[in-house]
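Some notes on the structure that comes next.
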Amino acid sequence: MFNSTGNNFGAGQISFKDHQAENYVVLNSKFSFDPTNADYQACDQLEIYVPDLSIDRSAVGAVFLRFEEDQHYSWGDAIYDGGSVLKSWVKDKNTIVIEKQPWFDQNGPLIIYILTLYPQLNQGGNTIKSTMQRLTMTTEGNYLRFGYETFMVEFEQWVFIHLMFSSCTYAYRDSLWEVLMEELPSDITADVPICGGGNQMHPNCDGMAEAHIENKVLSNQRRVMGFWDTGHDPFVYAFLVRDNNE
């Protein structure tokens, strides 16, 4: 783990879990910032300054941006959280860059999730290989179901996961979800965005919820109104550093 040494968009100190190899790094972080602050308004791209990384520049990876929005009506409350995927890369061994997309600024504060593998740019190396493992997702009475594309790829220091939500027993749609991920290592702890679901209030983006993973259990309570809309299949995509990593 390490902390940032600064940034150019008015956020506080940012903490990272990390695994660093000769030709790639896996970084995990979640942080928020206010897009109305002067530093953010003045910058062209978001830059996070960090201690020396093991690579000096990378190919483009993906990070997730999310905002939260509640609307209150006579019939009850509605959730219109949304977000998108942003380009990110290692500019040099001390700088992580995230593209700036100003059309989300009015929805601040904004949350960014870095759950990313950054490969060294223009450098060959021995390919690391592992085996795709189907994840068994268990809930009491099988109330929550996942698609065939739900799997993980496990390494000693990190894990890649992809979850595809399929359906839910109607009586549980607004309940707290707790799902045992049977094959997942128990040393994974992270907040991950759940991308997808229609967003009637913000049709220029999909919904984006958040889940917590700890002790092989994925839990989620807050979901957007259009979570099960046709054609907006919710999914999780994350490279996660294991807690056993030094």
If you count heavy atoms of other groups shown closer than 6.0 angstrom to [atom1] of [X], is the number above 12?
X	atom1	value
Gln13	CD	yes
Tyr148	OH	no
Asp44	CG	no
Gln200	CD	no
Glu22	CD	no
Tyr172	OH	no

Discussion item. Restricting to non-hydrogen atoms, name the atom on Cys205 and the atom on Gly82 that form the minimum distance, rounded to 0.1 Å.
Written reply: SG-CA, 4.2 Å

Item to complete: Give the minimum heavy-atom separation between Ala11 and Phe33, together with the two atoms involved.
Response: CB-CB, 4.0 Å

Euclidean distance, [Y] [atom2] relative to [X] [atom1], rounded to 0.5 Å:
X	Y	atom1	atom2	value
His212	Glu210	NE2	CD	9.0 Å
Glu214	Thr189	CD	OG1	4.5 Å
Phe64	Ile111	CZ	CD1	14.0 Å

Worksheet item: Does Val26 share a hydrophobic cluster with Ile161, counting links as ILVMFWY side-chain heavy atoms below 4.5 Å and allowing steps through other members?
Response: yes

Discussion item. Ring centres under 6.0 Å, that's the criterion: do Phe146 and Phe165 meet it?
Written reply: yes

Worksheet entry | Ring center gap for His202 and Phe67 short of 6.0 angstrom | yes

Worksheet item: Does some side-chain heavy atom of Tyr40 sit less than 4.5 Å from a side-chain heavy atom of Asp105?
Response: yes

Worksheet item: Mind checking whether Cys195 and Tyr237 have side chains closer than 4.5 Å, heavy atoms only?
Response: no

Worksheet item: Between Phe151 and His162, how do the two ring planes meet: parallel, tilted or perpendicular, split at 30° and 60°?
Response: parallel

Worksheet item: Taking the six-membered ring for Trp, are Trp158 and Phe239 parallel (under 30°), tilted (30 to 60°) or perpendicular (over 60°)?
Response: tilted

Discussion item. Could you go through Asn215 and Ser186, starting from their C-alpha distance and side-chain angles, then the distance that decides it, and tell me whether this counts as side-chain hydrogen bond (donor to acceptor under 3.5 Å, both in side chains)?
Written reply: CA-CA 5 Å; Asn215 294 325; Ser186 60; 6.0 Å; no

